[in-house]
Visitor: 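Could you have a look at this structure, given as structure tokens, before my questions?
Hydrogens, waters and symmetry mates are skipped; everything else that's a heavy atom, side chains included, is used.
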Amino acid sequence: MTAETATHADAESTKHDETLEAGSGQDAVDTATVESTSDVNDDEATDAARDDAAADADDVDSEDADDDADEEDEEERLVEEGEIAGDYLEQLLDVLDFDGDIDLDVDGDRAIVSIDGGDDLTKLVGRKGEVLDALQELTRLAVQQATGDRSRLMLDIARWRADRRERLARLGREVAERVLESGEREQLDPMTPFERKIVHDAVAAVDGVMSESEGAEPKRRVVVIKN
């Protein structure tokens, strides 16, 4: 090989090495760019996830706040029902010249109005609560006329309903225990839907028995049977 040929070969080799180095440098730049883009995308994904989580938390907080507001509105509505009913019943007592203390309360989704403390109040209950039921319906109508909404308020006079609730709950437990021991079904006297629910709840608390309603209103009754 001549000196000129060797020199030419060295030049070509040097140019080839420079090309490789340039390509390697470009690859490094491209790799760094990809890694940088990936990091940016990861950061954006993380930020998006945080935003989604924050949005979900805001939605939950908003739903909780809405639920609380709805509950407050419902309670205020029931309190208003009780106050309207109390005014109506107070006027009724004045007309009848009956004494009685009116107590207002809220129980679940009902306004509760109770009249107590008067000697003549049993006359407003009647036989088996017929007069009380009629007064309750009149009071509901008075509330509906004032608010425009149908009322489900419960009226009690001289603790008749409260005592009735206790008696029916006791009756339900006693019948359930008898049926559990004897295995024979028992049928109770006809009751109102409210009274039947009290008995059903009492029977449900005794394992091994169940209750169901049979018949048509107003003679629908509770039947207790063994499971």
Side-chain angles (χ1 to χ4, degrees), residues 74-75 77-147 149-179 186-206 209 211-224:
E74 177 67 9
E75 184 170 357
R77 184 183 69 80
L78 294 176
V79 169
E80 181 185 7
E81 281 193 10
E83 292 175 346
I84 295 171
D87 291 341
Y88 172 78
L89 292 168
E90 186 174 2
Q91 294 176 18
L92 178 64
L93 292 177
D94 289 341
V95 170
L96 296 174
D97 197 23
F98 283 5
D99 292 327
D101 298 323
I102 299 176
D103 183 58
L104 310 178
D105 198 2
V106 172
D107 183 11
D109 60 348
R110 289 177 186 263
I112 307 296
V113 182
S114 302
I115 304 177
D116 237 329
D119 296 333
D120 298 323
L121 292 180
T122 54
K123 296 178 182 177
L124 299 180
V125 174
R127 181 177 176 273
K128 294 185 178 180
E130 292 97 338
V131 178
L132 173 58
D133 289 339
L135 286 176
Q136 176 175 274
E137 189 60 28
L138 287 174
T139 305
R140 288 177 175 179
L141 290 174
V143 172
Q144 181 176 350
Q145 186 178 26
T147 64
D149 297 324
R150 179 169 174 76
S151 173
R152 298 179 63 247
L153 72 83
M154 185 70 67
L155 173 63
D156 194 7
I157 298 177
R159 285 190 52 84
W160 190 87
R161 291 197 196 280
D163 293 341
R164 178 72 170 158
R165 181 193 291 269
E166 294 175 1
R167 290 195 301 269
L168 289 172
R170 184 168 57 252
L171 174 64
R173 290 192 300 270
E174 292 173 352
V175 172
E177 290 170 357
R178 285 202 304 268
V179 171
E186 285 198 33
Q187 180 175 280
L188 281 65
D189 292 333
M191 300 178 185
T192 66
F194 175 74
E195 293 171 337
R196 291 197 302 271
K197 183 182 184 306
I198 296 172
V199 175
H200 286 312
D201 291 343
V203 173
V206 179
V209 295
S211 63
E212 57 188 23
S213 295
E214 293 183 353
E217 301 290 1
K219 294 186 177 181
R220 193 164 174 80
R221 63 189 70 213
V222 174
V223 176
V224 182

Visitor: I need the I84 CD1 to T147 OG1 distance, nearest 0.5 Å.
Guide: 5.5 Å

Visitor: Will you find, in the side chains of S151 and E81, an N or O donor that is under 3.5 Å from an N or O acceptor?
Guide: yes

Visitor: Salt bridge or not for E214 and R220, using N-O below 4.0 Å?
Guide: no

Visitor: Evaluate the criterion side-chain contact (heavy atoms from CB on, under 4.5 Å) for residue pair L153 and L78; output intermediate values, then yes/no.
Guide: CA-CA 8 Å; L153 72 83; L78 294 176; over 6 Å; no

Visitor: Where do D149 and Q144 land on the side-chain contact (heavy atoms from CB on, under 4.5 Å) test, with the steps shown first?
Guide: CA-CA 5 Å; D149 297 324; Q144 181 176 350; over 6 Å; no

Visitor: Between E80 and R77, does any side-chain N to carboxylate O distance fall below 4.0 Å?
Guide: no

Visitor: What I want to check is whether the side chains of R161 and Q136 have a donor and an acceptor closer together than 3.5 Å.
Guide: yes

Visitor: Between the side chains of E166 and R173, is the shortest nitrogen-to-carboxylate-oxygen separation below 4.0 Å, so that they form an ion pair?
Guide: no

Visitor: Do you know which two heavy atoms are closest between G126 and V131, and how far apart they sit?
Guide: CA-CG2, 3.7 Å

Visitor: So L141 and Q145, do their side chains get closer than 4.5 Å, heavy atoms only?
Guide: no

Visitor: Taking atom CD as the centre, does E75 end up with more than 12 heavy-atom neighbours from other residues, nucleotides or ligands that are less than 6.0 angstrom away?
Guide: no

Visitor: Determine whether a donor-acceptor pair (N or O, by modelled atom type, separation under 3.5 Å) exists between the side chain of R152 and the backbone of R110.
Guide: no

Visitor: Is there a side-chain contact between V222 and E212 (heavy atoms, below 4.5 Å)?
Guide: no

Visitor: For a side-chain contact (heavy atoms from CB on, under 4.5 Å) check, start with the C-alpha distance between I157 and L135, then their side-chain angles and the critical distance, and finish with the verdict.
Guide: CA-CA 10 Å; I157 298 177; L135 286 176; 3.9 Å; yes

Visitor: Taking the side chain as everything from C-beta on, heavy atoms only, tell me whether V224 gets closer than 4.5 Å to L188.
Guide: yes

Visitor: Please report the interatomic distance CD1(I102) to OG(S114), rounded to the nearest 0.5 Å.
Guide: 10.0 Å

Visitor: Within a reach of under 6.0 Å around CG of D119, are more than 12 heavy atoms found that belong to other residues, nucleotides or ligands?
Guide: no

Visitor: I'd like to know if E195 pairs up with R221 as an ion pair, taking the criterion as any Lys NZ or Arg NE/NH1/NH2 lying under 4.0 Å from an Asp or Glu carboxylate oxygen.
Guide: no

Visitor: Applying the side chain to side chain contact (heavy atoms under 4.5 Å, CB included) criterion to L124, which one of L92, L132, L93 satisfies it?
Guide: L93

Visitor: Which atom names give the shortest non-hydrogen contact between F98 and D120, and what distance separates them?
Guide: CE2-O, 3.7 Å

Visitor: So which atom in V209 and which in A176 form the shortest heavy-atom distance, rounded to 0.1 Å?
Guide: CG1-O, 3.5 Å

Visitor: Write down the atom of L171, the atom of M191, and the distance for their closest heavy-atom approach.
Guide: CD2-CE, 4.2 Å

Visitor: Verify, without hydrogens or angle tests, whether D156 (side chain) and V113 (backbone) share a donor-acceptor contact under 3.5 angstrom.
Guide: no

Visitor: Closest heavy-atom contact between G86 and L104?
Guide: CA-CD2, 4.3 Å

Visitor: Kindly indicate whether the side chain of R140, heavy atoms from C-beta on, has any atom under 4.5 Å from the side chain of V143.
Guide: no

Visitor: Which is it for R164 and L168 under the side-chain contact (heavy atoms from CB on, under 4.5 Å) test, yes or no, and what are the steps along the way?
Guide: CA-CA 6 Å; R164 178 72 170 158; L168 289 172; 3.8 Å; yes

Visitor: Considering the options D99, D101, I115, which one meets the side chain to side chain contact (heavy atoms under 4.5 Å, CB included) requirement together with L121?
Guide: I115

Visitor: Search all heavy atoms of A169 against all heavy atoms of I198 and return the closest pair with its distance.
Guide: N-CG2, 3.8 Å

